[in-house]
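Ligands are counted one by one from 1 in listed order, and the atoms in each one are counted from 1 as well. Positions are given from 1 along the sequence.
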Amino acid sequence: IKSHDSPFHHLFDTFEVIGSGKFATVRRCVERQTGNEFAAKFIRKRSSTGRMGQALEDINREIDLLREIDNNYIIKLHDVFDCGNEMIIVLELVKGGELFELISEKGCLAEEEAVHYMKQILMAIKHLHDRNIVHLDLKPENILLSDKTAKRIKLIDFGISRKIVNDLDVKGLYGTPEFVAPEIINYESVNTGTDMWAIGCMAYILLSGASPFLGDTKQQTFVNITAADYHFDDQYFANISNAAKDFISGLLVKNSKYFTNYSI
Ligand SMILES: Cc1ccnnc1
């Protein structure tokens, strides 16, 4: 995949918006030559003077990570176009909606269905961690369903993902408050355990529909996280297996860089 000089709009027709973020909009598009559908992520570049838009360094980091990844449970990169004041990343189109929507509809999932999704999420994360890549924004909104019948997931959005070099690499507050690990809040270094913490949060949510640390304010959520203060409310967990609770407890461990395991 190389970044083209032939303009994106000669090769693709673009259609409805299917996702949007801070500096990016994702639209369904069709490659004229083949008729194949893709998701085109339009990212505004930050100008030398402005503050709007994403820094080129960050856009290129996301692209380089996507080029390196090749896993059935992670979104595939198709092409990249540099179009002046925006970069266009052409990605595999995933049509089954967000796992988040599924939980919102159903309240929570039956344990065997939650296990089915967690296995796929763990295989995607193992693929990343084996390459020293940490996602850093794992949450149900970033898990899409490739199609509702097959219950296959695709992990998306590597906008804040990083390469971890000798473990003590990146600092800086980011991620979504509800899912960030204590080391993010305490401005300590992140590591693969940072993703495992978020996986623990997602497992808790899939099984109960409740969010383990969510407070009434962002500040209260941060207090709950840094104290690792959560519990298995019997209102939701009465019929959940001990194995499932042990799995979650093993992940919601502070500074869990020494407890990363992928028993699938
Ligand atoms: C939102 C989105 C991103 C990538 N592929 N399909 C949909």
Side-chain angles (χ1 to χ4, degrees), residues 1-4 8-9 11-45 53-54 58-83 86-105 117 120-125 127-128 131 133-162 174-176 178-179 195 198-199 202 205-206:
I1 311 155
K2 60 202 178 315
S3 65
H4 279 268
F8 170 84
H9 295 290
L11 299 171
F12 293 84
D13 294 311
T14 50
F15 298 94
E16 76 278 7
V17 173
I18 52 178
S20 62
K22 214 162 158 194
F23 303 125
T25 304
V26 184
R27 288 178 179 273
R28 183 174 63 85
C29 65
V30 175
E31 188 175 45
R32 287 194 187 136
Q33 196 76 21
T34 61
N36 292 335
E37 289 186 305
F38 295 94
K41 185 171 180 179
F42 298 82
I43 308 173
R44 285 185 60 160
K45 289 184 198 169
Q54 187 148 6
D58 295 342
I59 299 174
N60 288 325
R61 182 190 295 117
E62 180 176 359
I63 292 169
D64 292 343
L65 290 175
L66 285 168
R67 286 187 204 279
E68 182 180 346
I69 293 161
D70 179 14
N71 180 271
N72 286 335
Y73 300 115
I74 302 176
I75 201 82
K76 283 192 174 26
L77 179 69
H78 178 69
D79 219 335
V80 176
F81 294 84
D82 185 342
C83 292
E86 64 183 4
M87 289 296 281
I88 306 174
I89 303 178
V90 183
L91 298 157
E92 173 184 4
L93 179 64
V94 182
K95 298 182 135 181
E98 295 173 4
L99 183 56
F100 178 75
E101 290 153 1
L102 189 74
I103 303 160
S104 307
E105 282 160 25
Y117 288 118
Q120 297 177 60
I121 294 167
L122 287 168
M123 283 187 267
I125 296 306
H127 184 83
L128 297 179
R131 287 156 183 76
I133 297 170
V134 283
H135 186 280
L136 296 182
D137 199 10
L138 294 175
K139 53 184 176 180
E141 294 90 326
N142 283 338
I143 310 279
L144 300 189
L145 301 179
S146 55
D147 63 74
K148 292 186 189 280
T149 48
K151 298 188 173 170
R152 291 284 295 266
I153 63 115
K154 296 274 182 182
L155 176 58
I156 63 166
D157 200 342
F158 288 78
I160 59 171
S161 305
R162 292 289 197 285
Y174 34 63
T176 306
E178 202 177 327
F179 299 90
D195 281 340
I199 288 175
M202 285 198 287
I205 291 170
L206 290 182

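Residues satisfying the salt bridge (Lys or Arg N to Asp or Glu O under 4.0 Å) criterion with Glu62, sequence neighbours excluded, are Lys41.
Side-chain contact annotation: Ser161 with Asp137, donor-acceptor N/O pair under 3.5 Å absent.
When every heavy atom of Ala124 is checked against every heavy atom of Ile74, the shortest pair comes out as O-CD1, 3.6 Å. The two residues Leu155 and Asn142 come nearest to each other via the heavy atoms CD1-O, 3.4 Å.
Remark: side-chain polar atoms of Glu101 are paired, donor with acceptor, to backbone N or O of Glu98 under 3.5 angstrom.
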Criterion side chain to side chain contact (heavy atoms under 4.5 Å, CB included) on Leu11 and Glu31, from CA distance to verdict: CA-CA 6 Å; Leu11 299 171; Glu31 188 175 45; 5.6 Å; no
Show the distances, to 0.1 Å, for all pairs joining an N/O atom of ligand 1 and a protein N/O atom that are shorter than 3.5 Å, listing one pair per line.
unit_1	atom_1	unit_2	atom_2	d
ligand 1	5 (N)	Glu92	O	2.8
ligand 1	6 (N)	Val94	N	3.1

